[in-house]
Amino acid sequence: MDHKLIQRAAKDILNSKKTIAFTGAGISAESGIPDFRSAGGLWEKFDPEEYADIHAFHTNPEKVWLMLKEMFSLIMTAKPNPAHLGLAELERMGYLSSVITQNVDGLHQLAGSRNVIEFHGTHRTLSCLKCSFTLDGTSLKMEDLPPRCSRCSSLLKPDVVFFGEPIPWEAQTVSFKESKSCSAVLVIGTSAVVYPAASIPITAKERGAMIIEINREPTPLTDGISDYLILGSAGEIIPAIIEEVKRIR
Ligand code: OAD
């Protein structure tokens, strides 16, 4: 961990009028939820075209639910890690306006973050594709897959965005409003290859915001969009930044 960059990030947060966080699967890796594209990630095991596409879900829900079942059991038992907790603390201290997350695990909210925008929806609730009945993931029985609606017996789908589905309108609108009005973005644990999500930091940069990237490796944003990259694990870097913010504020 580069301490000079930790100090720089703390100063940039203190000098910023409005800071937002943009997070991806890497922030939840230390909570035991593998990301998608790293070695050992979800897309190594499940081809996204076969498992994460909305047409695949309609054509072969039994198969897609095998992956969803695995995601459910990981997500429902996962706990927030120091990176999630750190962002919640930064918000409580008044230095973070919102967290825009591509994650569907609900760990930011569990950590105590209040203003969370779920760009790709959530795994914690499900909806019936026919009658729109919604239920909480904790009350889901996994014995018979795919699970069906208790009211009308139609297919249940987690409220996550599949490839081929639109981004929830409100999440998209609020996210881009945040990205256009902020002066710094913490881009944490995302490969930044999935659009339109990845255009959030780019939009902010175009409006003059400082882009602070935290990742175990460089991404397509690193050269050209990010002002600097703090290399390492989010679970170590975020708490270190918060400590520095507290020390110098
Ligand atoms: P990816 O799996 O594409 O990228 C995860 C990023 O996190 C990589 O750049 C890793 O280097 C980094 N990383 C992993 N562990 C880390 C750690 N402990 N600390 C810091 N960085 C770490 O995940 P996303 O960018 O979130 O969409 O993927 C974007 C979207 O693609 C997801 O929301 C999902 C997926 O398809 C949908 O399902 C619609």
Side-chain angles (χ1 to χ4, degrees), residues 1-2 5-6 9 21-57 64 67-68 70-72 74-75 78 80-87 99-108 116-124 157-168 171-172 175 185-202 211-223 225-226 228-241:
M1 200 164 39
D2 184 330
L5 288 182
I6 299 288
F22 173 61
T23 67
I27 199 170
S28 294
E30 289 158 85
S31 292
I33 305 174
D35 67 13
F36 297 95
R37 294 176 181 81
S38 297
L42 201 69
W43 293 159
E44 218 169 64
K45 198 166 165 191
F46 299 103
D47 179 347
E49 274 181 31
E50 286 175 48
Y51 287 91
D53 189 281
I54 190 62
H55 304 294
F57 183 81
V64 172
M67 176 194 76
L68 295 175
E70 202 169 308
M71 282 187 84
F72 256 104
L74 275 170
I75 285 171
N81 68 54
H84 299 107
L85 295 166
L87 292 184
V99 177
I100 302 168
T101 188
Q102 296 164 89
N103 299 345
V104 293
D105 54 34
L107 291 182
H108 285 299
V116 181
I117 302 154
E118 292 176 311
F119 204 81
H120 288 158
T122 178
H123 237 289
R124 292 195 175 257
K157 178 185 158 291
D159 293 331
V160 296
V161 176
F162 278 62
F163 288 113
E165 286 194 299
I167 303 301
Q172 176 146 344
S175 298
V185 189
L186 303 171
V187 179
I188 308 162
T190 176
S191 61
V193 293
V194 173
Y195 283 81
S199 52
I200 289 167
I202 298 172
I211 310 297
I212 305 164
E213 207 180 356
I214 297 162
N215 201 305
R216 290 189 316 198
E217 60 191 21
T219 75
L221 297 178
T222 307
D223 287 329
I225 298 296
S226 299
Y228 52 99
L229 164 68
I230 311 181
L231 262 184
S233 88
E236 285 175 16
I237 292 169
I238 306 285
I241 293 174

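All figures in this text were calculated on a predicted structure; none of them were measured in a lab. Just so you know, these numbers use all the heavy atoms, side chains as well, and skip hydrogens, waters and symmetry mates. One-based numbering, in listed order, for ligands and for the atoms of each.
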* **Those atoms of ligand 1 less than 4.0 Å from some heavy atom in Gly232** => 19 (N), 20 (C)

* Report the relative orientation of the aromatic rings in Tyr51 and Phe46; use parallel for angles under 30°, tilted for 30 to 60°, perpendicular for over 60°. => perpendicular

* Taking non-hydrogen atoms only, is Ala234 closer than 4.0 angstrom to ligand 1 via side chain, backbone, both or neither? -> both

* Does an N or O anywhere in Ile214 fall below 3.5 Å from an N or O of ligand 1? -> no

* Asked: For ligand 1, which atoms sit closer than 4.0 Å to a heavy atom of Ser233?
  -> 18 (N), 19 (N)

* **Between CG on residue Leu87 and CD1 on residue Ile238, distance to nearest 0.5 Å** => 5.0 Å

* To do: Enumerate the atoms of ligand 1 whose separation from the nearest heavy atom of Phe163 is less than 4.0 angstrom.
  => 36 (O)

* To do: Check Phe119 against ligand 1 and report side chain, backbone, both or neither, counting heavy atoms closer than 4.0 Å.
  => neither

* Give a yes or no on this: more than 12 heavy atoms of other residues, nucleotides or ligands lie within 6.0 Å of atom CD of Glu49. => no

* Using a 4.0 Å heavy-atom threshold (strictly under), name the region of Phe162 that reaches ligand 1: side chain, backbone, both or neither. => neither

* To do: For the pair Leu221 and Ile202, evaluate side-chain contact (heavy atoms from CB on, under 4.5 Å) and give the outcome as yes or no after the intermediate values.
  => CA-CA 8 Å; Leu221 297 178; Ile202 298 172; 4.0 Å; yes

* Structure fact -> Within the 4.0 Å heavy-atom cut-off, what Val161 brings close to ligand 1 is backbone

* Structure fact -> Interatomic distance, CD1@Ile241 vs CD1@Ile214, rounded to 0.5 Å, equals 4.0 Å

* Asked: To the nearest 0.1 Å, how far is atom 17 (C) of ligand 1 from its closest protein heavy atom, and which atom is that?
  -> Gly26 O, 3.4 Å

* Asked: Which atoms form the tightest heavy-atom contact between Phe162 and Ile54, and what is the distance?
  -> CB-N, 3.7 Å

* Got the closest protein heavy atom to atom 11 (O) of ligand 1, with its distance? -> Asn215 OD1, 2.7 Å

* Asked: Nearest non-hydrogen atom to atom 21 (N) of ligand 1 belongs to which of His123, Arg216, Gln102?
  -> Arg216

* Specify the protein heavy atom at minimum distance from atom 18 (N) of ligand 1: its residue, its atom name, and the distance to 0.1 Å. => Glu30 OE2, 2.8 Å

* Structure fact -> For atom 25 (O) of ligand 1, the closest protein heavy atom turns out to be Thr190 OG1, 2.7 Å

* Asked: Hey, which atoms in ligand 1 end up nearer than 4.0 Å to a heavy atom of Gly24?
  -> 26 (O)

* For Glu217, the ligand 1 atoms whose distance to one of its heavy atoms is below 4.0 Å -> 9 (O), 11 (O)

* Structure fact -> among protein heavy atoms, the one nearest atom 32 (C) of ligand 1 is Phe36 CE1, 3.5 Å

* **Interatomic distance, Ile75 atom CD1 to Arg124 atom CZ [nearest 0.5 angstrom]** => 7.0 Å

* Asked: What atoms of ligand 1 come closer than 4.0 angstrom to any heavy atom of Gly189?
  -> 5 (C), 6 (C), 7 (O), 21 (N)

* Under 3.5 Å: donor-acceptor pair, side chain of Gln172, backbone of Phe119 -> no

* Value rounded to 0.5 Å, distance of CD in Glu236 from CG in Asn81 -> 11.0 Å

* Structure fact -> Honestly, for His120 the part within reach of ligand 1 (heavy atoms, under 4.0 Å) is side chain

* **His84 vs Ser28, side-chain contact (heavy atoms from CB on, under 4.5 Å): CA-CA, chis, key distance, verdict** => CA-CA 8 Å; His84 299 107; Ser28 294; 3.2 Å; yes

* Asked: Which atoms of ligand 1 are found less than 4.0 Å from any heavy atom of Ala29?
  -> 15 (N)

* Structure fact -> CD1 of Ile27 to NE2 of His108, rounded to nearest 0.5 Å, is 4.5 Å

* Structure fact -> Output for pair (Ile200 CD1, Thr190 OG1), nearest 0.5 Å, gives 9.5 Å

* Asked: Nearest protein heavy atom to atom 5 (C) of ligand 1, by residue and atom, and its distance?
  -> Asp35 OD2, 3.4 Å

* Give the residue and atom name of whichever protein heavy atom lies nearest to atom 31 (O) of ligand 1, and the separation in Å to one decimal. => Arg37 NH1, 3.0 Å

* What is the closest protein heavy atom to atom 23 (O) of ligand 1, and at what distance does it sit? -> Ala25 CB, 3.5 Å

* Asked: So does Glu165 pair up with Lys157, basic N to acidic O under 4.0 Å?
  -> yes

